[in-house]
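Here is the structure we will look at.
Here is how names work: the chains are called A, B, and so on, in the same order as the sequence lines, proteins then strands, and each is numbered from 1. Below, each value reflects all heavy atoms present in this structure, side chains not excepted, and no hydrogens, waters or symmetry copies.
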Number of protein chains: 4
Amino acid sequence: MKKPNRADAQRNLDALLEAAKVVFGRSGVDAPVRDIATRAGVGIATVYRHFPQRAELIAAVYRREVDGCAAAAEALAREHPPFEALTHWLHRFTRLIATKRGLAASLNHRDSAYQALPAYFRVHLEPVLRSLLDAAASQGQVRDDVDAYELLRGVANLCVALADVGPGHSQRMVDLLIDGLRHGAVSGSRLRSVGR
Amino acid sequence: MKKPNRADAQRNLDALLEAAKVVFGRSGVDAPVRDIATRAGVGIATVYRHFPQRAELIAAVYRREVDGCAAAAEALAREHPPFEALTHWLHRFTRLIATKRGLAASLNHRDSAYQALPAYFRVHLEPVLRSLLDAAASQGQVRDDVDAYELLRGVANLCVALADVGPGHSQRMVDLLIDGLRHGAVSGSRLRSVGR
Amino acid sequence: MKKPNRADAQRNLDALLEAAKVVFGRSGVDAPVRDIATRAGVGIATVYRHFPQRAELIAAVYRREVDGCAAAAEALAREHPPFEALTHWLHRFTRLIATKRGLAASLNHRDSAYQALPAYFRVHLEPVLRSLLDAAASQGQVRDDVDAYELLRGVANLCVALADVGPGHSQRMVDLLIDGLRHGAVSGSRLRSVGR
Amino acid sequence: MKKPNRADAQRNLDALLEAAKVVFGRSGVDAPVRDIATRAGVGIATVYRHFPQRAELIAAVYRREVDGCAAAAEALAREHPPFEALTHWLHRFTRLIATKRGLAASLNHRDSAYQALPAYFRVHLEPVLRSLLDAAASQGQVRDDVDAYELLRGVANLCVALADVGPGHSQRMVDLLIDGLRHGAVSGSRLRSVGR
DNA sequence: GATGAATGAGTGTTCATTCAT
DNA sequence: CATGAATGAACACTCATTCAT
């Protein structure tokens with residue numbers, strides 16, 4: 001009931017992010033704001049103070065993981081041949097998306113409150129995937145006419161499945177998509193940038 | 001105010017389906033029940049009488065199109081080589097899904113009210129797709145280790161994208177998935193059924 | 001908790017209007033919708049069903065009184081000379097406005113939700129006042145260049161005073177305004193209609 | 001972040017008043033405190049420190065203008081005959097009120113937070129108006145039985161109109177009220193003070 | 001003095017669902 | 001069979017105000 005303010009600001013923010021992560025995992029990213037506030041032991045307005053737009057909270061919650069996913073690309077590119085690096089990374093991205101209940105779906109929300117989310121993904125992950133794609137394409141292992149952002153969204157969309165379809169579904173579908181990337185590959189192909 | 005008789009009952013049901021189709025197209029399948037009732041010129045309870053579960057209404061609305069999609073397979077199989085038949089049909093299915101706002105997403109609803117929907121799709125479309133897949137696989141044009149229902153759902157999921165990603169996105173992603181089907185193909189392969 | 005529906009509809013609506021009248025009187029016309037619903041022993045959505053816009057509720061609450069005020073003009077015109085009839089009627093209108101806490105102020109709300117209110121007043125009371133004004137003007141007892149609706153609003157505005165200024169304030173100010181009407185009067189003056 | 005000193009204190013206060021003026025003009029005197037603080041580049045608590053009651057801020061914002069309005073009376077009285085002086089001053093007062101969005105209405109707020117506002121007006125403007133009234137009354141140009149404060153509030157109330165009624169509405173209504181003042185005038189009348 | 005984070009009550013509004021007629 | 005009034009839980013969001021630093 002009494003809550004100090006200045007010094008614990010950071011603590012509160014941490015609690016908020018942690019609570020949001022739990023609640024998102026349990027109830028999806030559309031969970032009531034109050035649930036998150038309550039679980040964080042924080043007033044509801046505090047959530048709005050830090051994250052006026054819901055998508056900003058979502059982005060913040062997954063920021064570390066998104067950043068981690070983006071960062072992983074470099075190591076993968078170093079330690080693996082292009083195509084394997086690409087594959088591994090897409091799998092990693094798949095895990096990122098598939099385990100976050102509702103994250104994938106919320107990328108497609110028409111609501112203006114959610115526009116920040118795809119933007120965040122685009123900014124942080126598209127360049128990474130583009131690099132991996134280009135590298136693999138330059139070796140003729142995958143086709144070179146696939147837009148990185150589209151692929152990103154495609155993979156994400158494949159991960160929206162919840163129950164019903166069995167476990168591993170997302171994984172298998174993404175694998176299929178990856179195989180699709182290999183199909184039109186041409187050795188020694190020229191890199192072609194495809195706008196959307 | 002209106003004295004109902006048997007003839008009106010059918011008329012009501014037709015109006016209901018027509019109204020639901022329009023409303024679904026405009027506002028998505030999560031549109032308020034009241035909107036549909038109003039547009040159908042029918043009491044709201046009438047909607048509930050006919051379709052206690054929302055998913056039943058959705059299924060009913062798209063029944064004809066789903067049936068049509070299922071039925072189209074036979075002709076395609078007759079007039080095209082196996083792989084082309086498969087491709088054409090998946091494109092047809094894509095159109096079915098992609099143009100119905102929110103249909104794809106609602107297939108993934110955890111809500112018990114929606115469980116009838118994937119069931120309906122499974123019953124009517126999985127066998128059809130399985131046939132097409134088997135035919136193509138038996139000729140070595142596509143791999144034979146892909147579960148038909150999974151593929152169905154995968155394609156549907158690729159169609160959930162709304163704005164943001166450009167037009168044609170679903171189409172391109174589905175094409176990519178189809179290419180993936182071709183990748184592991186082995187001539188003369190044995191049909192293998194993959195349970196979920 | 002249990003509330004029958006069809007037959008008691010009218011009873012509910014009456015309760016609603018009665019409750020709204022009390023609440024408006026106590027807390028002004030901006031009172032929380034919930035207060036009214038509670039006092040009427042009715043669910044909150046019932047209020048919204050009957051009066052989606054707040055101003056519609058206000059108008060409905062005062063409809064009888066407004067209508068009564070409008071109707072009174074005829075008798076006044078019959079039983080009194082023009083100027084007296086005008087004066088009496090304006091006093092009656094003053095009482096209507098002055099005793100309804102916040103009514104006058106809500107006529108000036110910029111909010112679109114309140115636009116129905118001035119419209120209602122205009123439709124029902126402007127013609128009445130115009131008649132009275134014309135009659136008095138044709139006898140040279142009041143000036144003939146005053147727009148009826150403007151006067152209506154002016155009188156209403158003079159009644160927004162709440163506390164602070166003593167009792168009878170509105171009355172006295174309106175009297176002053178009426179005296180103003182007499183000032184520019186010219187015998188045998190031509191009626192002139194003044195648009196806004 | 002900012003190390004305050006005495007000079008900054010005054011600067012803050014100035015910024016506050018300036019910001020409040022702008023915000024009041026744009027959003028009315030009920031505008032969120034935060035808006036003002038933000039625009040002033042000042043912490044929100046600083047606003048509360050200087051003006052614990054909202055009405056005090058309002059009064060402070062318009063103090064200069066109110067004082068100016070009060071001061072103008074003297075010159076008007078010197079340069080014009082009593083009635084003209086009175087008229088000119090009321091028009092000046094009208095402009096003061098009519099151009100400050102929501103000022104007039106806030107004079108009628110029942111809220112305890114606003115009690116300082118009418119008090120401020122009363123203290124600074126009532127004596128001035130009383131003088132003008134008395135002067136005109138002593139020459140028989142206006143009636144002598146009108147309470148100055150009541151008239152002040154009456155004129156203010158006539159200026160609450162926002163949209164709907166056409167431009168110039170306040171002006172015309174105030175003119176009408178002024179005409180009313182002339183009506184009961186008696187040459188050589190005894191000054192009579194009317195308490196509230 | 002100044003700060004601004006935190007608070008939480010308050011309010012409008014929506015919608016699925018029930019049930020007496 | 002059909003109706004549509006009634007319900008109330010649910011949720012988003014705002015804002016005045018306090019208080020430890």
Side-chain angles (χ1 to χ4, degrees), chain A residues 1-13 16 30-35 37-38 40-50 52-54 113, chain B residues 1-6 8-9 12-13 30-35 37-38 41-50 52-54 111 113, chain C residues 1-13 16 30-35 37-38 40-50 52-54 113, chain D residues 1-6 8-9 12-13 30-35 37-38 41-50 52-54 111 113:
Chain A
M1 197 154 284
K2 213 190 323 193
K3 187 59 69 163
N5 26 19
R6 195 84 112 228
D8 285 352
Q10 183 58 43
R11 199 186 312 278
N12 269 353
L13 205 150
L16 207 48
D30 291 320
V33 176
R34 203 168 258 109
D35 286 3
T38 301
V42 146
I44 197 175
T46 303
V47 184
Y48 281 94
R49 157 174 289 274
H50 288 296
Q53 301 283 347
R54 185 189 214 91
Chain B
M1 194 156 287
K2 217 199 301 194
K3 187 146 55 71
N5 55 37
R6 296 308 148 85
D8 277 350
N12 271 353
L13 205 146
D30 291 319
V33 177
R34 167 97 24 113
D35 287 4
T38 301
V42 147
I44 198 174
T46 304
V47 183
Y48 278 90
R49 164 170 300 278
H50 287 297
Q53 300 285 343
R54 184 189 214 91
D111 212 314
Chain C
M1 195 152 285
K2 208 181 339 182
K3 187 63 64 165
N5 27 20
R6 196 83 111 227
D8 286 352
Q10 184 58 40
R11 198 185 313 278
N12 269 352
L13 204 150
L16 206 49
D30 291 320
V33 178
R34 228 178 229 93
D35 287 3
T38 301
V42 146
I44 196 175
T46 303
V47 184
Y48 279 94
R49 156 175 289 275
H50 288 296
Q53 299 285 346
R54 186 191 213 90
Chain D
M1 196 156 284
K2 216 201 299 197
K3 185 145 55 71
N5 56 36
R6 296 306 147 88
D8 277 349
N12 272 352
L13 205 147
D30 291 320
V33 177
R34 167 103 16 117
D35 287 3
T38 301
V42 148
I44 197 173
T46 303
V47 184
Y48 278 90
R49 163 169 301 277
H50 288 296
Q53 300 286 342
R54 184 189 214 94
D111 212 313

Roughly how far, to the nearest 0.5 Å, is the [atom2] atom of [Y] from the [atom1] atom of [X]?
{"X": "Ile44(D)", "Y": "Thr38(D)", "atom1": "CD1", "atom2": "OG1", "value": "7.5 Å"}
{"X": "Tyr48(D)", "Y": "Arg54(D)", "atom1": "OH", "atom2": "CZ", "value": "7.5 Å"}
{"X": "Leu16(A)", "Y": "Gln10(A)", "atom1": "CG", "atom2": "CD", "value": "11.0 Å"}

From [atom1] of [X] over to [atom2] of [N], roughly how many Å is that when rounded to an integer?
{"X": "Asp35(A)", "N": "dA10(F)", "atom1": "CG", "atom2": "P", "answer": "10 Å"}
{"X": "Gln53(D)", "N": "dT17(F)", "atom1": "CD", "atom2": "C1'", "answer": "12 Å"}
{"X": "Asn12(A)", "N": "dG8(E)", "atom1": "CG", "atom2": "P", "answer": "12 Å"}
{"X": "Arg11(A)", "N": "dA6(E)", "atom1": "CZ", "atom2": "C1'", "answer": "15 Å"}
{"X": "His50(D)", "N": "dA16(F)", "atom1": "NE2", "atom2": "P", "answer": "18 Å"}

Taking the side chain of [X] as heavy atoms from C-beta outward, which of [options] is closest to it?
{"X": "Ile44(C)", "options": "dT7(F), dT7(E), dA9(F)", "answer": "dA9(F)"}
{"X": "Ala45(B)", "options": "dG8(F), dT3(E), dT3(F)", "answer": "dT3(F)"}
{"X": "Tyr48(B)", "options": "dC15(F), dT17(E), dT13(E)", "answer": "dT17(E)"}
{"X": "Pro32(C)", "options": "dG4(F), dG12(E), dT14(E)", "answer": "dG12(E)"}

Which base sits across from dA20(E) as a Watson-Crick or G-U pair, both distances under 3.5 Å?
dT3(F)
Gly43(C) or Thr46(B): which one's nearest nucleotide on DNA chain F is closer to the 5' end?
Thr46(B)
Indicate, yes or no, whether a donor-acceptor pair under 3.5 Å links the base of dG12(E) to the side chain of Arg34(C).
yes
Return no unless some side-chain N or O of Arg49(B) is found under 4.0 Å from OP1 or OP2 of dC1(F).
no
